[in-house]
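Below: one structure, written as structure tokens.
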Amino acid sequence: MARLRDRTARCRPDPDSTVFAAKCAYAGLITHASRDDMARTVAPHATPEILHARAKHLDDLRRDNAEPNPDLIHNAITRAERNELHLDEDEIIQLGWTLTFHDLRDDFLRLCTDKSTRAARQVWLTLMRELPAPWRAEPAAFFAICAYPQGDGPLASAALGGALQSDPSHSLSALTNGFLRGGMAPDEFRGVLQHLQHPPDP
């Protein structure tokens, strides 16, 4: 019996090399070996020193009431679509600042549901990992909004948990988290997003 178990274990495919894993990777989904692995995916990847320096730069932009540059978001997504996404220090800060402007939010939400979803998800994930609190809450919420309709509910929940830990008052994260905790189906959630982007005429 032990010999049979050993042979079975040797024959079991590596979960990261299966056709299913390949399809998940192509769709932009991320497979995880454990909850800890999932938590590391959405956790900050920059060092505390770097995060502190970035927070100072972002505070300076807020103090100076700097103008946002939404073109940077679209440029980053275009590069992600070409598998050429690489953000330098200034881009990370400027993108993080631009995401805080709520009058641009509808445009960013649209990126989570149109043909750019896969590339947008990559940009949000990168910013979520590289921005300090509370600034990381915004890309974390957008990442969750991309992930949940694709059937990646656990990762979306992990991202929202990080967002609310970073900024407990972040309204978009709280709203999205409420939908997930209420058991809303991914298709229904997608419909809510479309309704928010295109509300009916009064």
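No hydrogens, no waters, no symmetry mates; every other heavy atom, side chains included, goes into these values.
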Give a yes or no on whether a salt bridge exists between [X] and [Y], defined as a side-chain N under 4.0 angstrom from a carboxylate O.
X	Y	value
R190	D187	yes
R79	E91	yes
E89	R54	yes
D59	R63	no

Minimum heavy-atom separation for [X] to [Y], with atom names?
X	Y	result
T41	R129	O-NE, 2.9 Å
T117	C112	OG1-O, 3.1 Å
R121	A147	NH1-CA, 3.3 Å
A141	L160	CA-CD2, 4.2 Å
L99	F142	CD2-CE1, 4.0 Å
A140	A163	CB-CB, 3.7 Å

Please tell me whether [X] and [Y] are part of a single hydrophobic cluster in this structure, the criterion being side-chain heavy atoms less than 4.5 Å apart.
X	Y	result
I93	I50	no
L127	L164	no
I77	L87	yes
W124	L51	no
F143	L180	yes

Does [Y] offer a backbone N or O that forms a donor-acceptor pair with the side chain of [X] under 3.5 Å?
X	Y	result
T176	S173	no
S116	L111	no
D64	A66	no
T98	N69	yes
Y148	M184	yes
S166	G162	no

Between atom [atom1] of [X] and atom [atom2] of [Y], what is the distance when rounded to the nearest 0.5 Å?
X	Y	atom1	atom2	answer
L95	T100	CG	OG1	11.5 Å
I92	L131	CD1	CG	7.0 Å
Q165	R136	CD	CZ	8.0 Å
K115	R110	NZ	CZ	13.5 Å
W97	R62	CH2	CZ	7.0 Å
S157	N177	OG	CG	6.5 Å

Count the heavy atoms belonging to other residues, nucleotides or ligands that lie under 6.0 Å from [atom1] of [X], then report whether that count exceeds 12.
X	atom1	result
E84	CD	yes
H52	NE2	no
E81	CD	yes

Please check if any side-chain donor atom of [X] sits under 3.5 Å from a side-chain acceptor atom of [Y], or the reverse.
X	Y	value
R105	H102	yes
H74	D107	yes
E130	H45	no
R118	Q150	no

Query raised in the report: How about P132 and L58: do any of their side-chain heavy atoms sit closer than 4.5 Å?
Result: yes
> Heavy atoms, side chains only, cut-off 4.5 Å: are I145 and L172 in contact?
Replying inline: yes
